[in-house]
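Worksheet: the structure to be examined is printed underneath.
This is a predicted model, so every value here is computed, not measured.
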Amino acid sequence: MGSASKTPNYQELCAKFVRDIHGELPSRIFEYLCNYGASSVERIGANLSMSHKERNSSIAILYQLNLLYYWADPDTRSPTIYYEANHEAAYNLIRKGKIVNVVAQEYGNEAGRFLETLATFGHARIRDLAKTFIREDCTPNGGLHVHEKSNGNGDVLMENGYDGDEDPHLEEESIGEKFNSMVADLLCADVLELCSINTFKSPRKLRASIEKQVIKSKYNGVKPKGSKGQEQFLGYVREELEEVRNQPRVLKEQLLRRLGNARRDKFENKKTKTENGTGVTSYLTWEEIDPSAVVRINYFKTNVLLRNTALVKHASNNLGYVKGQVYAVALRIMEKNIERCHPDPYFHMVAPNELGKTIRDLNLPPVTTLEIVSELPEDLDVSMGIGRAPKNMVNKRRAERVRPNPRKERLPYIDKREIEESSGEDVDDDEYQDDQDIDLPDFDARGDDNGKVNLNGDSDVKFVPRRVGLDSKVYEDPRLQNTREHLLGLSEASQHYIRHSGEEEGGEWVVDFAPLISKIQKFEMDLYIKDKFSRRGVRLVNILRQFGKLDEKALASKALMLKKDVSTLLNDMMVNGLAEIQEVPKDNNRQANRTIFLWFFDDDRARAQLLSKQYKIMTRLQQVLDVERHKNREILELYNRSDVRGREEEMLHPNTIKKYGVFQKRSRALLTQMMRLDEVISIFRDY
């Protein structure tokens, strides 16, 4: 997230989350750092009138929960430690439930519960997490119980313990092996990351320190000049940054080396088995992890998981449940090669020929149809949800077209055909010959058993069906064929959820995340404009997107609306930041009657305005929730008493129970609305 997203509304919202979860004193320090930037401990205590104990304990809480960055200049004789707010970690406080749910769905309920425990700690040693996480009695549904011992070195040794009859499914592996296996799976999936000495340092200051160190060690304290010297300097900086970025991956690489296969795929080795309704999970047997290692949640990777969930939901709503499930499997296979949704502005440096791209679109290996079929749930009927058309009406050449490169977007008020013809590139028949493709002479229509197709009664064209890189036996597999049909449907949808990039193993598929998310952002923006300015506002915005800058007369003509209605609507949209105006004077006098007023739509500005309003609305919802809690504080105190919890109907008056039910209903409504706003914010900012 860039500095442009750290608006006052966003900072106020983050401070509200910290106050709601961790109390007033930590939130005061966090809000002070949001408003005034990096500050020392002495300055924080003096400006906030805090005692030494209050100040230090609050900073310790914020630091433990990763809500602070710190920095100390190593060149000074007695360096002063400065702290600054970590806005991203503060905002992720509201997403904890969503993250736990998506991890539980993919890695099991125990992994979700482990992540919830770790989110409460912020960062912790694996030894401490083992003590806290698995400490409960054995339950009928397969719960775990642990007897803890010490080996004299402070390490925890875990043994099986059961209440009543022993579960036969838990006899083969110890609880410690199961816990280590779960933690190792999360580490190899990058959901957990190892904390290093640079983890809690300010990324901006850390990069500046690396550049300063490179100048001092390589150039004797003089910054190089010229393009060649700058390129060499950036190369040295890139090497140092890569070394810093690889520090959290040390434990992951050690685990992969122990397995003897650095590219091991967890989907081939970790299977979940449920027998007799016990819900017991069969884990891998890993070597014991270093118990003194400190880990925390990698929120950049969890954003990738949340993005996959949002894309699957979007595809399921548009194309059906079965296509959504096929798409979910494809994304799950791809996610292991994706570290984060956006490149790190302080650490990620791309080559000059890759400028303009993002890390999510660089060097992503394709996923094949065979891989997807092997990972599909056995109970999923892939024959459902496929539209059937007469064979003589199917343009197979277009439907199965291979696209090695992402689709090009049409530029506003410029004919893409002219650009491609002038550059010698082939024109995209899918975009310019949608209606004429059926008449192309070489398409596979499968007219009769002899392979002849009559086109307009003029000629017969023979064809040879392609086998797409597979032998006939594999190609004739109905499950693979149906899965391939679903993938082709996903690729030919208007959103282009996936791209057919090759023909190996039944077809190779790649997701172009940047244009896909751009289309979804456009869809969400249109919904927002429609809700605020009706369909006419969406019509004007689409025209401005297509043609760029127009005056009111031309815009009214293209929109088939009255000029006065267009003028009124554009003025309202300009007040809300959804339309911009540019003055073009005809002469140097700059008189109104000698000036052309051109209207245009700025996507970046509209997105920033929308995000700022979403932050403000979420802040107000949080304030309403605080008011509701204050009004019902006496009832909440009763419900939180240890002698009342679990015996509410016996201990409390019916009117008190009724009031508590009303409060719960209002709280759920407010939190649900906040989660809906968070989904919109995620689409426009994080995905």
Side-chain angles (χ1 to χ4, degrees), residues 95-121 124 126 129-146 158 160-162 167-193 251-252 255-256 259 264-289 295-299 301-309 312 325 328-329 331-336 374-380:
R95 289 183 178 169
K96 184 174 72 171
K98 294 170 63 175
I99 293 172
V100 169
N101 289 336
V102 71
V103 171
Q105 291 176 2
E106 186 159 347
Y107 299 98
N109 294 330
E110 295 295 321
R113 191 162 62 88
F114 170 80
L115 221 66
E116 185 177 6
T117 304
L118 183 56
T120 305
F121 282 103
I126 296 178
L129 292 171
K131 291 180 181 179
T132 307
F133 173 64
I134 315 178
R135 188 181 290 167
E136 60 183 31
D137 293 333
C138 187
T139 56
N141 61 354
L144 304 177
H145 175 74
V146 174
M158 292 167 287
N160 286 346
Y162 309 100
D167 192 333
H169 300 287
L170 298 176
E171 292 180 357
E172 298 180 358
E173 300 177 30
S174 68
I175 305 301
E177 291 175 344
K178 292 179 179 294
F179 177 80
N180 291 338
S181 175
M182 178 185 62
V183 173
D185 282 339
L186 295 177
L187 282 168
C188 291
D190 289 326
V191 177
L192 298 181
E193 65 176 356
L251 185 56
K252 172 185 174 181
L255 292 171
L256 292 174
L259 290 175
R264 168 185 169 273
D265 187 355
K266 77 179 184 63
F267 298 105
E268 298 178 359
N269 296 275
K270 178 175 180 292
K271 302 297 182 181
T272 301
K273 301 178 182 179
T274 303
E275 302 179 5
N276 301 326
T278 59
V280 178
T281 304
S282 176
Y283 288 89
L284 292 168
T285 302
W286 295 70
E287 297 187 26
E288 188 172 354
I289 305 174
V295 295
R296 69 171 184 175
I297 300 175
N298 184 3
Y299 286 105
K301 184 66 175 185
T302 55
N303 281 342
V304 175
L305 304 181
L306 293 175
R307 181 182 65 182
N308 290 349
T309 303
V312 170
Q325 294 302 305
V329 173
L331 290 175
R332 194 181 308 131
I333 298 175
M334 293 180 188
E335 76 184 20
K336 62 183 178 181
S374 64
E375 298 301 332
L376 284 175
E378 297 181 358
D379 57 348
L380 181 64

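- With sequence neighbours left out, the salt bridge (charged side-chain N to carboxylate O under 4.0 Å, His left out) criterion links K301 to no other residue.
- Counting all heavy atoms, side chain and backbone alike, G112 lies closest to V100 at O-CG1, 3.3 Å.
- Between Y107 and A189, the shortest heavy-atom distance links the atoms OH-CB, 3.2 Å.
- To the nearest 0.5 Å, atoms OG1 (T309) and CG (L331) are separated by 9.0 Å.
- By the 4.5 Å heavy-atom criterion applied to side chains, L376 and Q325 are not counted as neighbours.
- Remark: A328 pairs with V312, R332 by the side-chain contact (heavy atoms from CB on, under 4.5 Å) rule, at least two apart or across chains.
- Contact record, L118 with A124: CD1-N, 4.2 Å, taken as the closest heavy-atom pair.
- Across all non-hydrogen atoms, the minimal contact from F114 to L192 is CE2-CD1, 3.6 Å.
- Using a 4.5 Å cut-off on side-chain heavy atoms (C-beta onward), V183 and L129 make no contact.
- Ionic pairing of E116 and R113 is not present here: no N-O contact between side-chain nitrogen and carboxylate oxygen is shorter than 4.0 angstrom.
- Taking the side chain to side chain donor-acceptor pair (under 3.5 Å) definition, one finds that D190 meets it with K252, sequence neighbours left out.
- Summarising the geometry, atom CG belonging to L306 is positioned 6.0 Å from atom NZ belonging to K98; distances are rounded to the nearest 0.5 Å.
- The line from CG of N180 to CE of M182 is 9.0 Å long, rounded to the nearest 0.5 Å.
- Shown here are the salt bridge (charged side-chain N to carboxylate O under 4.0 Å, His left out) partners of E193, two or more places apart in sequence or in another chain: R296.
- A search for side-chain contact (heavy atoms from CB on, under 4.5 Å) contacts involving T302 returns I99, V191, I297, Y299, not counting sequence neighbours.
- Atom CG of L305 and atom CG of N101 lie 12.5 Å apart (nearest 0.5 Å).
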